[in-house]
Amino acid sequence: MRLLTWNINSVRLRLPLLEQLAAQTEADIICLQETKCPDELFPLDALIALGYKHIHLWGQKSYNGQAILSKHPFTLPMTYTRCGQDDCRHISVKFDAFELHNLYIPAGGSGGDPPDPQINPKFQHKLDFVDEMSAWLSDTYTSDTPLIMLGDFNIAPYENDVWSHKQLLKAISHTPPETTRLEAMRTSLNWTDTRAHFIPLDQKSYSWWSYRSPDWTKNNRGRRLDHIWVTPPLTKALQDFNILTDYRSAEKPSDHVPVILDLKI
DNA sequence: ATGGTCGGTACCCGA
């Protein structure tokens, strides 16, 4: 069983790259964020032609938007209101072996925006979103439920999840209020961060490189914003983990690259 | 120390 998560940053613009990715990886399940596409305009036919006959969509015009594309049938397609908004940031489906949650945590601002909830409402929204998710997960599940939660979490929790821990401590995505909240969410259901399971934490690991650098390979100033977590019943099934860094060098790339998890299921 | 680029959409917002 191969799962893949990718912040595609417009599914319509990058459909050819998505088709290439599907052919190359033969993933069973593809989870997308930032599709930026209303459901009625989603390129369903092209994806069904690739074998993804089971699709759960939740899109809107211009912003956010998610999709779960699957070669296997699922039940219980859900969409969730978060922080009082139906802004297409959390969906889930249920497979025989596990329930799958696709998450797109708010960015909380960009560039040099201040990481201060008092003056930056987007940052407040991000902190609230993680708090709400943590509470909801603890209220809804126990750690013996087989769950996979993945997506663009927009937080790089560990020192080697960013190119410079010291220089980015005040940069949104790596500030202590964010990283402590994400760790609290992770430990609440005893989630395994599959990156940490497969790549020692003293090694750098990135999944995103800003568009604002003329050449992302030159100084490799990346961050790991994209995550795949599993609950304890699934840790025995973990087989392999890969970040498809090459996709950052594709023609018209997303600023995020796909992350893959293989499971013995 | 600062500004740098995308995508969607409609001349700006969000990342």
Side-chain angles (χ1 to χ4, degrees), chain A residues 5-19 21 31-43 57-67 82-90 102-117 119-130 150-157 161-164 166-175 177-179 182 206-227 245-259:
Chain A
T5 179
W6 189 27
N7 178 321
I8 194 170
N9 189 16
S10 172
V11 68
R12 283 174 288 176
L13 185 74
R14 260 175 276 285
L15 178 60
L17 200 55
L18 177 58
E19 290 174 321
L21 178 69
C31 297
L32 301 174
Q33 304 86 36
E34 275 208 271
T35 52
K36 295 184 171 175
C37 181
D39 292 346
E40 61 272 21
L41 298 178
F42 197 92
L57 292 179
W58 198 27
Q60 62 181 21
K61 190 177 173 184
S62 303
Y63 304 112
N64 314 328
Q66 296 193 297
R82 289 280 164 240
C83 298
Q85 299 181 50
D86 286 319
D87 56 352
C88 309
R89 295 180 178 276
H90 181 196
N102 187 5
L103 210 55
Y104 177 46
I105 295 177
S110 64
D113 288 353
D116 180 349
I119 54 178
N120 178 358
K122 289 184 221 165
F123 192 67
Q124 180 72 64
H125 179 213
K126 182 180 201 174
L127 301 182
D128 290 345
F129 189 103
V130 179
L150 51 69
D152 177 4
F153 292 5
N154 266 315
I155 297 172
D161 290 342
V162 292
W163 60 274
S164 168
K166 280 185 185 168
Q167 284 178 257
L168 290 174
L169 271 170
K170 290 181 178 169
I172 291 175
S173 74
H174 195 60
T175 68
E178 296 166 82
T179 57
L182 193 70
Y206 311 139
S207 66
W208 173 89
W209 292 261
S210 172
Y211 280 131
R212 294 181 190 180
S213 168
D215 179 0
W216 73 279
T217 60
K218 206 167 181 181
N219 43 25
N220 192 24
R221 293 185 167 184
R223 303 180 199 177
R224 184 178 68 107
L225 304 181
D226 303 276
H227 302 249
T245 308
D246 289 351
Y247 274 75
R248 191 62 182 80
S249 291
E251 201 173 324
K252 298 288 272 178
S254 169
D255 43 357
H256 296 253
V257 297
V259 180

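Everything numeric here is computed off the predicted structure, so don't read it as measured data. Letters A, B, ... mirror the listed sequences (proteins, then strands); counts begin at 1.
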Sugar-phosphate, base or nothing in reach of A:Arg14, heavy atoms under 4.0 Å: sugar-phosphate
A:Arg89: salt bridge (charged side-chain N to carboxylate O under 4.0 Å, His left out) partners, not counting sequence neighbours: A:Asp87
Salt bridge (charged side-chain N to carboxylate O under 4.0 Å, His left out) involving A:Arg14 - partner list, sequence neighbours excluded: none
Residue list, salt bridge (charged side-chain N to carboxylate O under 4.0 Å, His left out) with A:Asp226, at least two apart or on another chain: none
Whole-angstrom distance between B:dC13 and B:dT9, as gauged at atom C1': 9 Å
Rounded distance in Å between the P positions of B:dG8 and B:dG4: 22 Å
ring-ring contact (aromatic ring centres under 6.0 Å, His included) partners for A:His174, two or more places apart: A:His165
Length of the line joining A:Arg248:CZ and B:dT5:P, which is rounded to integer Å: 13 Å
A:Leu17 CG - B:dC6 C1' separation (whole Å): 15 Å
Whole-Å C1' distance, B:dG3 and B:dA15: 16 Å
C1' atoms of B:dC11 and B:dG7, separation to the nearest Å: 15 Å
Sugar-phosphate only, base, or nothing, as touched by A:Lys252 at under 4.0 Å among non-hydrogen atoms: sugar-phosphate
Short side-chain to backbone donor-acceptor contact, A:Asp255 and A:Ser210, under 3.5 Å: no
Span that lies between the P atom of B:dA10 and that of B:dG14, in whole angstrom: 14 Å
Protein proximity profile, nucleotides 8-15 of chain B - base contact B, sugar-phosphate-only contact S, no contact -, cut-off 4.0 Å on heavy atoms: SSS--BSB
Would you mind writing out the side-chain donor-acceptor pairs for residues 105-117 of chain A within the sub-3.5 Å range, not counting sequence neighbours?
residue	atom	partner	partner atom	Å
A:Asp113	OD2	A:Ser110	N	3.0
A:Asp116	OD1	A:Gln118	N	2.8

Whole-Å gap separating P (B:dG4) and CG (A:Asp215): 18 Å
